[in-house]
Amino acid sequence: MSALPHTTLSAEPDVLADPYPSYAAVREMGGVYRDPDFQVYQVVNHDLITKIQRSTDFVTLLATGLSVSLYDAAERGMSMLQGGADEQALLDYMVEVSKAVEGGATSEPVPGRARELATAVVEQSPAVLFGNEGEQHFLHRQFVNTWFHPDRVDELAPHVLAITTELLDDFLPPGKGELLTGFAGPLPAIMIQDLIGVPRTKQPVFFNFHEDFIGNPHVDVQEAMSSIAGSGFLGFDMWLSEAIQDRKVNPRNDLVTTMVQTRYDDGTPVPDDVIMGILTTFNVGGQETTAKTMMNGMWTMLTKPRIQAELRADPSLIPNFVEETLRHQAPVQGMFRLSTTDTEIAGVPIPAGSLLYLAFGAAGRDPAKFDGPDTFDIHRAEARRHLAFGHGRHHCPGSTLARLELNTGFEQILERTGDIRLVPGQETLQQLPWFSSHVLRGIKELHIEFDPA
Amino acid sequence: MTLKITIDKELCAGNGLCYYNVPEVFVPNDDGTSTVGDPAGAPDDEIRRAARSCPMRAITVTEAS
């Protein structure tokens with residue numbers, strides 16, 4: 001018997017730098033592997049991940065976005081289901097675990113103000129989209145789908161271009177720079193915050209694309225909540241809470257106003273906590289995922305000079321280059337699901353209450369779906385069939401906007417430079433600094449040099 | 001003229017924009033993916049807009065010959 005795979009769940013640096021051999025090992029074992037260290041089933045096959053995400057036997061769990069109490073969540077979920085908990089009890093449990101994890105309630109008290117803020121925030125942020133299921137989820141999902149309807153996103157193109165232009169006006173003149181903080185991060189962060197309605201002066205305080213928090217099993221929740229309390233996630237929640245009240249009397253052209261004015265079919269307004277939940281999700285989901293995709297794509301392009309030459313010669317190849325980046329180096333490597341019933345996947349019995357990790361990054365490298373999956377090919381016809389945005393009812397609602405931002409970002413930086421190069425010493429995956437997350441995968445810093453156009 | 005509507009069953013991620021907006025034509029399956037019910041159930045321009053609304057570009061609309 002071969003050695004057991006060292007999965008990405010451990011978030012060991014060498015596995016995060018190149019997780020693909022570990023996925024291949026799981027694939028060899030049939031595609032489903034229960035990681036004994038975390039009691040989580042890792043699923044790596046494209047078809048299995050698709051099937052699971054379409055099934056209502058598997059639900060999302062908000063707490064696992066933070067991934068700190070996997071053991072605890074799995075054990076408690078199991079015992080509840082064995083005790084015959086109904087659907088509502090399970091949903092309540094999911095919210096409760098989320099609160100416990102986010103608020104640090106299961107650990108020592110967070111000192112002073114941070115704890116106060118954390119408590120206030122979690123009380124206002126129940127699971128709304130990710131972490132919610134059923135009819136209520138579908139209803140809220142349709143609000144969001146309307147905002148990011150492709151027709152609407154087409155109208156946002158000049159806005160994305162304006163932000164891109166503004167950032168490159170500052171980033172390019174020195175002839176060198178760090179990509180995440182100079183361009184890849186701020187582009188999606190400013191865009192989503194402009195849409196939500198955050199004033200430009202406040203936006204940098206709420207930038208979260210540089211946070212190494214989500215899906216990082218090494219993080220100390222109390223410490224993280226304290227350190228970010230004044231500047232990041234909690235600060236945004238405080239701003240949003242005030243903005244919701246403000247927009248009720250001072251409507252503006254932003255998503256806070258849109259949500260405040262939205263009515264359910266029976267005419268009732270959307271509760272403030274639901275607005276908080278939806279827009280907080282967008283503030284996080286709209287920043288770091290797109291930023292990581294641009295980082296991963298840029299690194300790939302710069303380590304393969306032929307790709308840069310081809311994209312310069314024919315910019316119409318950029319959208320498929322972006323799809324290939326999503327397939328080959330997914331920014332969200334995987335997400336968790338909780339099984340609500342005794343079932344089996346590919347012959348492996350999955351008891352009710354089990355946690356599963358669906359490895360989207362592995363699905364993009366599945367040889368059953370993609371020919372020569374480890375080869376980065378900007379001409380690959382089926383590149384778009386990756387699962388980087390997930391699948392099913394929790395498929396990324398911002399995918400159309402993300403694609404617009406990535407296409408515009410690459411088009412503009414290529415158009416406005418003559419040549420882009422890596423600063424030496426960043427040529428291999430192992431040389432790069434990676435975020436310590438088993439949910440997100442991205443390069444923390446990338447130093448590049450460029451010639452004027 | 002009736003349009004020919006096809007849905008790529010694998011690409012369809014179940015976002016639900018099509019059957020939420022044009023339920024006369026698009027019908028949800030139990031797993032949330034979409035299927036075509038009555039292809040003549042709505043005006044052509046509404047059907048074309050629904051196809052364009054698909055984030056996965058899983059819906060193809062052509063003139064039936």
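Throughout, protein chains are lettered first and strands after them, A, B, ... in sequence-line order, and every chain is numbered starting at 1.
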Chemist: Going by residue number, which parts of residues 5-16 of chain B are within reach of chain A, meaning a heavy-atom gap below 4.5 Å?
Modeler: B:D8, B:K9, B:E10, B:L11, B:C12, B:A13, B:G14, B:N15, B:G16
Chemist: Is A:D151 close to chain B through its backbone or its side chain, or both, or neither, when contacts mean heavy atoms under 4.5 Å?
Modeler: side chain
Chemist: Is chain B contacted by the side chain of A:T400, its backbone, both, or neither, given a heavy-atom distance below 4.5 Å?
Modeler: side chain
Chemist: Report the distance from atom CZ of B:R49 to atom NE2 of A:H149, rounding to the nearest 0.5 Å.
Modeler: 4.0 Å
Chemist: Chain B heavy atoms under 4.5 Å from A:F138: which part of the residue, side chain, backbone, both or neither?
Modeler: side chain
Chemist: Could you walk me through whether A:R384 and B:R57 satisfy the side chain to side chain contact (heavy atoms under 4.5 Å, CB included) test, starting with their C-alpha distance in whole Å, then the side-chain angles of each, then the deciding distance to 0.1 Å, before giving a yes or no?
Modeler: CA-CA 10 Å; A:R384 203 180 162 85; B:R57 295 193 214 146; 3.5 Å; yes
Chemist: Taking only heavy atoms into account, what residues of residues 22-43 of chain B are found under 4.5 Å from chain A?
Modeler: B:D31, B:T33
Chemist: Check this for me: A:E135, atom CD, are more than 12 non-hydrogen atoms of other residues, nucleotides or ligands nearer than 6.0 Å?
Modeler: no
Chemist: Would you name the heavy atoms of A:S399 and B:P55 that are closest together and state the gap between them?
Modeler: OG-CB, 3.9 Å
Chemist: Does A:R327 have any salt bridge (Lys or Arg N to Asp or Glu O under 4.0 Å) partners at least two apart in sequence or in another chain, and if so, which?
Modeler: A:E324
Chemist: Using side chain to side chain donor-acceptor pair (under 3.5 Å) as the criterion, list what pairs up with A:D266, not counting sequence neighbours.
Modeler: A:T268
Chemist: Does atom CZ of A:R152 have more than 12 heavy-atom neighbours, drawn from other residues, nucleotides or ligands, at distances under 6.0 Å?
Modeler: no
Chemist: To the nearest 0.5 Å, how far apart are CG in A:N145 and CG in B:N21?
Modeler: 8.5 Å
